[in-house]
*Asks:* 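First the structure, then my questions, so here it is.
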Amino acid sequence: GNSVTQMEGPVTLSEEAFLTINCTYTATGYPSLFWYVQYPGEGLQLLLKATKADDKGSNKGFEATYRKETTSFHLEKGSVQVSDSAVYFCALSDHYKLSFGAGTTVTVRA
Amino acid sequence: SAVISQKPSRDICQRGTSLTIQCQVDSQVTMMFWYRQQPGQSLTLIATANQGSEATYESGFVIDKFPISRPNLTFSTLTVSNMSPEDSSIYLCSVETGQAMRYEQYFGPGTRLTVT
């Protein structure tokens, strides 16, 4: 079956630091890959996505590249801000079913 | 994207009772889903709400415990029946919109349920 494994947290960073959250997946087909973000007290928001191999999703300074050869979709941001403090979920969609990773809590200190 | 609302936003219920959660979308969508997010955990798909037919449940979830209605393309309800403290979770509905093959899902704000 499909599954997503992401880096365990929590992750604590200083402002302007580089952020990487690792995500690998197992899928039988050719899934679409997503990163969702949950800010404190808010609902789940789609951050970025990639639908095929070598696609790069990007939004709000975050990027992730769909790597079929390593079955990975790592999230990166070059310079984080305090407002990036949130829980980040990697997910895959095989047809319409979403499978989520465990989530990584990121805290950015001023 | 779609604008999704849920009612109630939160509730505290006694064990043995039932709660019905409503999900309303501002546009017609084909696919609607219900998820559970237990405290400190990730999201788990409960079921797919099918318009005009019975919901499709994931392994570990049954209709008697989580009956779902989907009377039209903009509305769905999830009932959590005969609640126990283990049902304390955030329940989220989501919809799939956009172009074919993109499989983007957008989530409602969630219903935070506490069972005492």
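Lettering follows sequence order; numbering is per chain, from 1.
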*Asks:* Need one label for B:Leu43: side chain, backbone, both or neither, based on atoms under 4.5 Å from any heavy atom in chain A.
*Replies:* both

*Asks:* Would you find a donor on one side and an acceptor on the other, under 3.5 Å apart, between the side chain of B:Ser42 and the backbone of A:Gly101?
*Replies:* yes

*Asks:* Treating Ile, Leu, Val, Met, Phe, Trp and Tyr as nodes and any side-chain heavy-atom pair under 4.5 angstrom as an edge, say whether A:Leu47 and A:Leu13 lie in one connected cluster.
*Replies:* yes

*Asks:* With a 4.5 Å cut-off on heavy-atom pairs, point out which of A:Ala91, A:Ser99, A:Ala102 contacts chain B the most.
*Replies:*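 Most heavy-atom pairs under 4.5 Å with chain B: A:Ala102.
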
*Asks:* Would you say B:Gln14 has more than 12 foreign heavy atoms packed within less than 6.0 Å of its CD?
*Replies:* no

*Asks:* Which bit of B:Thr48 comes within less than 4.5 Å of chain A, counting heavy atoms only: side chain, backbone, both or neither?
*Replies:* side chain

*Asks:* Find out if a path of hydrophobic residues (ILVMFWY) with successive side-chain heavy-atom gaps under 4.5 Å connects B:Tyr35 to A:Val87.
*Replies:*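 Linked, B:Tyr35 and A:Val87 end up in one cluster.
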
*Asks:* Check for me, please, whether B:Ile4 and B:Phe75 land in the same ILVMFWY cluster - side-chain distances under 4.5 Å, paths through other members count.
*Replies:* no

*Asks:* For the hydrophobic clusters of this structure (ILVMFWY residues joined by side-chain heavy atoms under 4.5 Å, transitively), does one cluster hold both A:Tyr25 and A:Phe34?
*Replies:* no

*Asks:* Examine whether an atom of A:Gln38 lies under 4.5 Å from a heavy atom of chain B, and if so say whether it belongs to the side chain, the backbone or both; otherwise answer neither.
*Replies:* side chain

*Asks:* Between atom CD of B:Gln105 and atom NZ of A:Lys97, what is the distance when rounded to the nearest 0.5 Å?
*Replies:* 11.5 Å

*Asks:* Can you name the nearest heavy-atom pair linking B:Gln37 to A:Phe89, along with the distance?
*Replies:* NE2-CZ, 3.6 Å

*Asks:* Using a 6.0 Å cut-off, check whether atom CD of A:Gln81 has over 12 heavy atoms from anything other than its own residue.
*Replies:* yes

*Asks:* Side-chain contact test, heavy atoms from C-beta onward, threshold under 4.5 Å: evaluate it for B:Phe33 versus A:Leu98 and give yes or no.
*Replies:*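 When only atoms from C-beta onward are counted, A:Leu98 and B:Phe33 do not touch, as no gap falls below 4.5 Å.
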
*Asks:* When hydrophobic residues are tied together by side-chain contacts of less than 4.5 Å, even through go-betweens, does B:Trp34 share a cluster with B:Leu45?
*Replies:* no

*Asks:* Counting only non-hydrogen atoms closer than 4.5 Å, does A:Leu44 touch chain B with its backbone (N, CA, C, O), its side chain (CB onward), both, or neither?
*Replies:* both

